[in-house]
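Okay, structure first, notes after.
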Amino acid sequence: MRSTFAGLNTMVRGIMANQLGLDTTGHNITNAGTEGYSRQVVTLATTYAEQRPSVHGQVMVGTGVDALAVNRARNIYADIQYRNENPSQQYYKTMSVNYDKLETIFDDSRDLGIEKSLTRFYQTWVDLSTTASNAAARTQVIEQGRELSDRIQSATAELQEQIRSEYVDLSSELGQLDDILEEITLFNKQIITQEVTGAEANDLRDRRDYLVDQLSDYLNISVTENDFGAYQINSGGVTLVNGASRAHLVMSDGVSSSIYGVDYGVTDYNIKVKESNIVFLPQNGILKARLDSIAEDKQYIDKLANMASFFLSTFNDQHKQGWDLDGRSKTDSEGNEVPDTINFFGQTDISYQYRYDADTKANYLYKYDSTIPESERLLSGVQIIKALEINAKFNENQGNRYLAATTSKQYVETAAGEGSWENMAWGNRTGDGTNAVYMSELFNISQETVISDDKANAAIYKNSILRDKEGNPIDEDGNAVDADNYVYATAMSKLSINSYYQESMSYLGINAYSVDVNYEALQNVITQVTNWRDSTAGVDWNEELTNMIKYQKGFGSCSRCLNAMDEMLDRLVNSTGVVGR
């Protein structure tokens, strides 16, 4: 009788184990398409045998099967690699989108690009050198100059809007990241509560790991698990999640970009840890890409500001050394009669000079209004670009007469191979468009070359001296130097304006290509890691259907055996011991 009951218990265990296997298989099949789901496996083990008497002594008889656990099929090493590689992939993906936008802004394949405007502006000066008295040619120079300044200002406005858009996206992504951190914290609490009995909360762990994978889109993270099953997540030296507690990443209050030095005309923000009020600097992922994209966009505003500085300083000063059609003159500090010519760009009574901050490596433009005492001001970034407007004098009736196409300088040779540039009076000028030639040379010949070819005069020379913000001659490290031992100043000193712009666009193209290559390479890595993870955690339909048949057959066999034992017990109880009735 005892052995019969033991056999019944064995079959009951078998039925329960196979039922658990069927339930788990059904759970796997129904979640085959659920993102983040890990295949679950029932771990079965034989129960301890028990001793039973026999004719020849004691024997050990098996008592069936027991389900030890239902575990996730998860490759933790693949998880670690995925979370290490994914932030880099998301970084390059985000940077690639920003470079696509930059290439759209500086698209020179159309006639509306800055390069085409530069070329047309240059060509009008070349044409003017041979037709300097022609009103149409003079007007064309002015109109092409206006178009160039419009293109530069338009590109700057687009870059500013792109920066603002990046900050909007950054704010939105911080909100999404905050939701993810909150959910991970809640799952930590639930997992601790459910696993206090010793069972694994597999589905909660899947959901938490899926959220951690999403978190790795935004920043680089390291994940550790404590003895209670809760995650601790760190990034950049900051603990974002620690069991049931968490940190909050928020946008700082906005400040004008001029607070940090160069003025970009935008409101800047930082990422801060709310609890400690310290600035958080992501090391990778989407958040870092947003900040790097903003810095990259600002670099191109700087490049446009460098071009504007060139036109407002060197280009203007070369123009002012020529005679206009009216031959207006003034007396310089040495008593010489010199042209009273206006700026081509900017305002008439304003003088502009390049300045440099060796500490911050920032470029400035010194602005001084001769009609207003103590009007000195340093312009930077978008302030310089905003000043790049055609002189309002050119808008007057017959305003083209202010265009200075004729030179006021002549080279006087005092000895073989020696000489100097001297002022030429209005009545003694030669070469109707000589100054137009000098102006056109500034587009394709660097200031360094112009100086070495003795074509330079005070206009180019004085704007090739590196000066600090107070106007004192310095070297590139900020040390005071003699003005005779000048250091080439502006970014265009050793490059012509055309070469500088083309180099900037080449730099953009190379960087955009490099980002795309890195993104594609990391996509391949992520694909390999994902396949590696799926090979362990993914639901295989063939395997699950095989398991379903196995557990179904096991369940049926145990049931039939249990029925047979039940019939035997029934016969033993109800059909024996009735002799003599």
Side-chain angles (χ1 to χ4, degrees), residues 81-82 84-119 151-152 154-170 173 216-220 262 264 266 281-307 361 363 381 385 443-444 446 491-492 494-531:
Q81 185 169 357
Y82 179 87
N84 287 339
E85 301 292 348
N86 188 49
S88 296
Q89 185 211 27
Q90 295 299 324
Y91 173 83
Y92 286 114
K93 179 180 179 180
T94 306
M95 289 294 292
S96 178
V97 172
N98 184 66
Y99 276 116
D100 288 343
K101 294 177 181 178
L102 285 173
E103 289 179 321
T104 300
I105 292 173
F106 294 102
D107 184 3
D108 291 317
S109 63
R110 304 171 299 167
D111 287 340
L112 302 178
I114 293 176
E115 184 178 34
K116 293 295 178 65
S117 294
L118 267 173
T119 301
R151 294 285 178 268
I152 291 176
S154 176
T156 302
E158 292 182 59
L159 287 169
Q160 288 176 296
E161 187 56 36
Q162 188 162 318
I163 292 172
R164 296 187 189 100
S165 176
E166 291 289 341
Y167 277 126
V168 170
D169 290 340
L170 179 62
E173 286 152 0
S216 70
D217 287 348
Y218 298 96
L219 32 69
N220 57 304
V262 179
Y264 297 101
V266 297
L281 296 175
Q283 304 300 309
N284 212 338
I286 293 174
L287 297 188
K288 177 175 172 56
R290 293 293 178 205
L291 297 177
D292 286 355
S293 292
I294 291 167
E296 189 78 10
D297 296 343
K298 287 181 176 180
Q299 282 188 25
Y300 284 94
I301 292 180
D302 288 339
K303 292 178 185 295
L304 294 177
N306 287 339
M307 294 173 66
K361 310 299 182 185
N363 299 331
I385 297 168
F443 286 86
N444 294 309
S446 68
M492 274 73 71
K494 295 188 178 183
L495 289 173
S496 67
I497 186 68
N498 279 337
S499 295
Y500 178 77
Y501 181 76
Q502 290 166 4
E503 181 185 66
S504 299
M505 293 305 100
S506 296
Y507 176 81
L508 171 59
I510 291 170
N511 282 350
Y513 175 75
S514 176
V515 164
D516 288 341
V517 169
N518 286 328
Y519 173 56
E520 290 175 4
L522 283 165
Q523 268 189 311
N524 293 332
V525 172
I526 290 295
T527 299
Q528 292 175 355
V529 175
T530 301
N531 291 338

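Of the inter-residue distances, the one linking E158 atom CD with S165 atom OG reads 12.5 Å to the nearest 0.5 angstrom. Going from atom OG of S216 over to atom CD of E85 covers 11.0 Å, rounded to the nearest 0.5 Å. Atom CD1 of I294 and atom CD of E166 lie 6.0 Å apart (nearest 0.5 Å). Summarising the geometry, atom CG belonging to L287 is positioned 8.5 Å from atom OH belonging to Y218; distances are rounded to the nearest 0.5 Å. Note that the CD atom of Q528 and the OH atom of Y82 stand 14.5 Å from one another [nearest 0.5 Å]. Interatomic distance, CG of L102 versus CE of M95, reported as 8.5 Å (0.5 Å rounding).
The environment of NZ in K93 is sparse: at most 12 heavy-atom neighbours from other residues, nucleotides or ligands sit within 6.0 Å.
A cation-pi geometry, defined here as NZ or CZ lying under 6.0 Å from the six-membered ring centre and within 45° of its normal, does not hold between K303 and F106.
I105 is not listed as a side-chain neighbour of Y300, based on a closest heavy-atom distance of 4.5 Å or more. Residues L170 and L291 form a side-chain contact, since some pair of their non-hydrogen atoms from C-beta on lies under 4.5 Å apart.
The side-chain hydrogen bond (donor to acceptor under 3.5 Å, both in side chains) test with N98 singles out one residue from Q162, E296, E103, and that residue is Q162.
Residues Y519 and Q523 have side chains that bring a donor and an acceptor to within less than 3.5 angstrom of each other. Between the side chains of N444 and S496, no donor-acceptor pair is found at a separation under 3.5 Å. D302 and N363 are not linked by any side-chain donor-acceptor pair at a separation below 3.5 angstrom, with hydrogens and angles left out of the test.
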Let me see the working for I301 and I385 under side chain to side chain contact (heavy atoms under 4.5 Å, CB included), right down to the final yes or no. CA-CA 9 Å; I301 292 180; I385 297 168; 4.2 Å; yes

Under the side chain to side chain contact (heavy atoms under 4.5 Å, CB included) rule, what do M307 and L118 come out as? Steps first, then yes or no, please. CA-CA 11 Å; M307 294 173 66; L118 267 173; 3.9 Å; yes

Let me see the working for L304 and L159 under side chain to side chain contact (heavy atoms under 4.5 Å, CB included), right down to the final yes or no. CA-CA 11 Å; L304 294 177; L159 287 169; 4.0 Å; yes

Determine whether Y91 and L522 satisfy the following criterion, side chain to side chain contact (heavy atoms under 4.5 Å, CB included), listing intermediate values before the conclusion. CA-CA 10 Å; Y91 173 83; L522 283 165; over 6 Å; no

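Side chain of T530 to backbone of I526: a donor-acceptor contact under 3.5 angstrom is found. S506 contributes a side-chain N or O that, together with a main-chain N or O of Q502, makes up a donor-acceptor pair within less than 3.5 Å.
The shortest non-hydrogen separation linking Q283 to K288 is O-CD, 3.0 Å. Nearest heavy-atom pair, K298 versus Y264, reported as atom, atom and distance to 0.1 Å: O-CE2, 3.4 Å. Shortest non-hydrogen contact noted between D297 and I163 is CB-CG1, 3.6 Å. In terms of heavy-atom proximity, S293 sits nearest to T94 at OG-O, 4.5 Å. D108 and E115 get closest at one heavy-atom pair: OD1-N, 3.3 Å. Taking every heavy atom of both residues into account, P87 and N284 meet most closely at O-OD1, 3.3 Å.
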